[in-house]
Amino acid sequence: MSSPNPNNLKIDESVIKEFHFHVYFLQANAKSVETALELRNRILELNNTRLGYTVIPLHTVNYEPRGPHPIGSYENWVPIETFANVYQWFIQNRNGLSVLVHPLSRYEIEDHSARAAWIGEKLPLDLSRLTPVLDHVPLQYPELGLGYSNHNPHHHCDEHHFKTVNELVKNTLEKNGLVEKKA
């Protein structure tokens, strides 16, 4: 859910504050698809069960190559505030799947190549499908007040803040149809 800068907020681009974790799977291999979807379900549960793990899967699972991605994949948005927790979780729980970790900035090609890191096997990307320089930083989920939308650089996320964020994430996931609303 990338969007232009709502309310024309001043965004500090000197620090990268949002990331994507792309999980790859072999779309014609039933076991690979099953492993990827099980991992995605576990990712959705992280937001409900552990404080300090803000990770939002995009609502779409790509069952064929899409954009620069050569095989089946899905992306997960992660703000800088929980990057370390989520990164170590993926290292321990990827179940043999390749994961591309890249920053979100105005520089798509650089973000997907020189600034990217891989957990697992590196896959070739079709960088010609990307825009070299975007007009704006692609904000995602500004309603959470994290990443580029966190305008207090000295703000540290404490337990109360993470509980509030977890509730907002739950609402965002429900709104995007990623989880069912609890009665």
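As the structure is a prediction and not an experimental result, all values here were calculated from the model.
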Atom pair [atom1]/[atom2] of [X] and [Y] - distance to nearest 0.5 Å:
X      : Y      : atom1 : atom2 : result
Lys31  : Glu34  : NZ    : CD    : 4.5 Å
Ser113 : Leu127 : OG    : CG    : 5.5 Å
Thr54  : Asn85  : OG1   : CG    : 9.0 Å
Gln92  : Asn95  : CD    : CG    : 11.5 Å
Asn62  : Gln27  : CG    : CD    : 10.0 Å

Pairwise side-chain contact, [X] with [Y], heavy-atom cut-off 4.5 Å (strictly under):
X      : Y      : result
Leu123 : Leu100 : no
Glu81  : Lys17  : no
Phe90  : Asn76  : yes
Arg40  : Val61  : yes
Arg66  : Glu75  : no
Glu18  : Ile80  : no
His22  : His69  : yes
Tyr87  : Thr82  : no

Do [X] and [Y] belong to the same hydrophobic cluster, where Ile, Leu, Val, Met, Phe, Trp and Tyr are linked whenever their side-chain heavy atoms lie under 4.5 Å apart, directly or via other members?
X     : Y      : answer
Leu97 : Tyr24  : no
Ile91 : Trp89  : yes
Val15 : Val101 : yes
Phe83 : Leu139 : yes
Val23 : Trp118 : no

Quick one: does any side-chain atom of [X] pair with a main-chain N or O of [Y] as donor and acceptor, under 3.5 Å?
X      : Y      : result
Glu110 : Tyr107 : no
Asp126 : Ser128 : yes
His112 : Glu108 : yes
Asn29  : Ser32  : yes

Partner of Trp77 under side chain to side chain contact (heavy atoms under 4.5 Å, CB included), chosen from Leu58, Val55, Leu104:
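The side chain to side chain contact (heavy atoms under 4.5 Å, CB included) with Trp77 is passed solely by Leu104 among Leu58, Val55, Leu104.
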For residues Ser105 and Arg115, is any side-chain donor paired with an opposing acceptor at under 3.5 Å?
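Checked: Ser105/Arg115 side chains pair up, N/O donor to acceptor below 3.5 Å.
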If you look at every heavy atom in Pro124 and Pro70, which pair is closest and at what distance?
O-CG, 3.1 Å
Between Arg94 and Ile119, which heavy-atom pair has the shortest distance, and what is it?
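Closest heavy-atom pair between Arg94 and Ile119: CD-CG2, 3.3 Å.
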His20 vs His102 aromatic rings, parallel, tilted or perpendicular, using cut-offs 30° and 60°?
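Taking His102 first and then His20, their aromatic rings stand perpendicular (interplane angle over 60°).
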Describe, in one word, how the ring planes of Phe25 and Tyr63 are oriented to each other, choosing from parallel (under 30°), tilted (30 to 60°) and perpendicular (over 60°).
perpendicular
CA sep, side-chain torsions, deciding dist, call: Tyr53, Val78, side-chain contact (heavy atoms from CB on, under 4.5 Å)
CA-CA 9 Å; Tyr53 287 80; Val78 178; over 6 Å; no
Can you tell me if CD on Glu121 sees more than 12 non-hydrogen neighbours from other groups inside 6.0 Å?
no
